[in-house]
Amino acid sequence: MTAFIIRRILYMLVTVAAISVMTFIIIQLPPGDYVTAMVAQLNLQGTTVDPAEMAALRARYGLDDPLYVQYWKWISNIVFAGDFGYSLEWRRPVADLLWNRLGLTFVLALVTLLFIWAVSLPIGIYTAVRKNTAGDYLATFIGVLGLAIPNFLFALVLMYISFRYFGAGIGGLFSPQYENAPWSWGKLVDLGQHLIIPTIVLGTSGTAALIRILRANLLDELSKPYVTTARAYGLSENRLLLKYPVRIALNPFISTVGWVLPTLVSGTVITAVVLNLPITGPLLLQALISQDMYLAGSFIMMLSVLTVIGTLLSDLLLAWLDPRIRYT
């Protein structure tokens, strides 16, 4: 097991290094830079920018340096000083924007993951054990709806129901009185109340998918000879079910740890805008549009690192759950 952990950590470090290079290259691919985009926007508004001022801005932010110099400054400041650079658009250190949004994104991702597990595990087991019953058909129908309905449309429906019948809005993660207030028990409770609807919206499709995966895996395990043998020895049905088939069929649940964060960022930007969620997706989109390289690069880098760490954790949990994996 120790060799397995060391090998996975080494893979993680190599992956993070490759991600940092690819992230910087991708940010540099669009023509121009932040200064060019800013000047174009000012020209559309009828404002003329002095070329000398443009040159001064480019020199100030090192935009005329070779790409490898820009990359080394960026990554070395992150690794050795924890300095993610300066947001050209927001006129603030990137770290201030990064940790605020990243923390809320992580909380929402964790709650969504727990919601997906809590709902899909019992339903997946039930539909496999009660195959081709009315409950199985009903869960299948609801699962198909969960996969088919877009998250942003579901969010709009829930916002209407919440406002129309309960007189409460669900936009954002805090009420106005707690938006800029220091952390307290009241603010934590308010956050929990506002997390309910985003968690349901973001977890619906993942829950529907995992129900189908768990059902298929469990049905495959229940048809194997060791289950028939254990049943013939008189092992109780509940003990037989939970000790072996369910444990092996749980692999997809553990593997979901690595993809929840990237799904929240890449697949739910529209939903986050609709619900006015202060998470990474909308801010990352704006940074990419404005070519704010330090902000966009730092967001992509940190989210990639969290994804790699999540994948590492899922690999370790899978190796603990299923010994066949660590010996493969």
Undergrad: I'd like to know if Met22 and Trp72 are part of one continuous hydrophobic network [Ile/Leu/Val/Met/Phe/Trp/Tyr, side-chain heavy atoms within less than 4.5 Å].
TA: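 Not linked; separate clusters.
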Undergrad: Any non-hydrogen side-chain atom of Leu214 less than 4.5 Å from a side-chain atom of Ser120?
TA: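 No, their side chains stay 4.5 Å or more apart.
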Undergrad: So do the side chains of Phe154 and Ile200 get within less than 4.5 Å of each other, counting heavy atoms only?
TA: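 Phe154 reaches Ile200 side chain to side chain.
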Undergrad: Would you compute the distance between atom NE2 of His194 and atom CD1 of Ile197 and round it to the nearest 0.5 angstrom?
TA: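 So the NE2 of His194 and the CD1 of Ile197 are separated by 10.5 Å.
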Undergrad: Any donor and acceptor pair, going by atom type alone, linking the side chain of Thr127 with main-chain N or O of Gly124 inside 3.5 Å?
TA: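 Yes; judged by distance alone, with no hydrogens or angles, the pair exists.
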Undergrad: Side chains of Asn132 and Tyr137: does their closest heavy-atom pair fall under 4.5 Å?
TA: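 Answer yes - side chains close enough.
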Undergrad: Is there a side-chain contact (heavy atoms from CB on, under 4.5 Å) between Ile125 and Leu218? Walk through the geometry before answering.
TA: CA-CA 7 Å; Ile125 295 175; Leu218 190 52; 4.2 Å; yes
Undergrad: Quick one: CZ on Phe84 to CE on Met301, what's the gap to the nearest 0.5 Å?
TA: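 So the CZ of Phe84 and the CE of Met301 are separated by 8.5 Å.
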Undergrad: Give me the atom names and distance for the closest heavy-atom approach of Glu221 to Val227.
TA: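 Looking at all heavy atoms of both residues, the shortest contact is O-CG2, 3.2 Å.
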Undergrad: Rounded to the nearest 0.5 Å, how far apart are CG of Leu222 and CG of Leu241?
TA: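 Answer for the CG-CG pair, Leu222 versus Leu241, is 6.0 Å.
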Undergrad: Do Phe299 and Thr105 make a side-chain contact, defined as non-hydrogen atoms from C-beta onward lying under 4.5 Å apart?
TA: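 The answer is no, as the side chains (C-beta and beyond) never meet within the 4.5 Å cut-off.
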Undergrad: Could you give me the CA-CA distance, side-chain angles and deciding distance for Leu275 and Met159, then say whether side-chain contact (heavy atoms from CB on, under 4.5 Å) is met?
TA: CA-CA 8 Å; Leu275 292 175; Met159 288 178 71; 3.8 Å; yes
Undergrad: So if you build clusters from Ile, Leu, Val, Met, Phe, Trp, Tyr with side-chain heavy-atom gaps below 4.5 Å, do Val129 and Tyr126 land together?
TA: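 In one cluster: no.
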Undergrad: Given 3.5 Å as the limit, does a donor-acceptor pair link the side chain of Asp190 with the main chain of Gly186, or not?
TA: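 Judged by distance alone, no pair lies under 3.5 Å.
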Undergrad: Nearest heavy-atom pair of Gly203 and Ile116: which atoms, and what distance?
TA: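 For Gly203 and Ile116, the tightest heavy-atom pair comes out as O-CG1, 3.7 Å.
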Undergrad: Could you tell me which residues satisfy side-chain hydrogen bond (donor to acceptor under 3.5 Å, both in side chains) with Tyr11, sequence neighbours excluded, listed by chain and number?
TA: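 Counting only residues at least two positions away or on another chain, Tyr11 forms no side-chain hydrogen bond (donor to acceptor under 3.5 Å, both in side chains).
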Undergrad: What I'd like to find out is whether the side chain of Arg212 reaches to under 4.5 Å of the side chain of Thr140, using heavy atoms alone.
TA: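 They are in side-chain contact.
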Undergrad: Hey, any chance Leu67 and Trp74 share a hydrophobic cluster, counting ILVMFWY side chains that come within less than 4.5 Å of each other, even indirectly?
TA: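 Yes, one cluster joins them.
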Undergrad: Same cluster or not: are Ile196 and Leu158 linked, directly or through other Ile, Leu, Val, Met, Phe, Trp or Tyr residues, by side-chain heavy atoms under 4.5 angstrom apart?
TA: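 In one cluster with Ile196: Leu158, yes.
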Undergrad: Taking atom CD1 of Ile279 and atom CG of Leu284, what is their separation to the nearest 0.5 Å?
TA: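 Answer for the CD1-CG pair, Ile279 versus Leu284, is 10.5 Å.
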Undergrad: Find out if a path of hydrophobic residues (ILVMFWY) with successive side-chain heavy-atom gaps under 4.5 Å connects Val107 to Val189.
TA: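 Both belong to a single hydrophobic cluster.
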Undergrad: Identify the heavy atoms of Ile19 and Ser304 that sit nearest to each other, and give their distance.
TA: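 Minimum heavy-atom separation between Ile19 and Ser304: CG2-CB, 3.4 Å.
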Undergrad: Atom CG of Asp136 and atom CZ of Arg215: how far apart are they, to the nearest 0.5 Å?
TA: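 Result: 4.0 Å between the selected atoms.
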Undergrad: Given side-chain contact (heavy atoms from CB on, under 4.5 Å), test Tyr68 with Tyr71 step by step and report yes or no.
TA: CA-CA 5 Å; Tyr68 66 88; Tyr71 168 77; 5.5 Å; no
Undergrad: Kindly compute the distance separating OG1 (Thr199) from CG (Leu114), expressed to the nearest 0.5 Å.
TA: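 Going from OG1 on Thr199 over to CG on Leu114, the span is 9.5 Å.
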Undergrad: Quick check: closest heavy atoms across Ala118 and Pro122, and the distance to 0.1 Å?
TA: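 Nearest heavy atoms, Ala118 then Pro122: O-CD, 3.1 Å.
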Undergrad: Looking only at heavy atoms, what is the nearest atom pair of Ile75 and Ser20, with distance?
TA: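 Answer, listing the atom of Ile75 first, then Ser20: CD1-CB, 3.9 Å.
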Undergrad: Please evaluate residues Ile149 and Thr204 with respect to the criterion side-chain contact (heavy atoms from CB on, under 4.5 Å), reporting the C-alpha separation (whole Å), side-chain torsions for both, the decisive distance (0.1 Å), and the verdict.
TA: CA-CA 9 Å; Ile149 299 175; Thr204 301; over 6 Å; no
Undergrad: With the side chain counted from C-beta on, respond yes when Ile142 and Ile123 share a heavy-atom pair under 4.5 Å apart, and no when they do not.
TA: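 A side-chain contact under 4.5 Å is absent here.
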Undergrad: Taking the side chain as C-beta and beyond, is there a heavy-atom pair between Leu104 and Leu108 under 4.5 Å?
TA: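 The answer is no, as the side chains (C-beta and beyond) never meet within the 4.5 Å cut-off.
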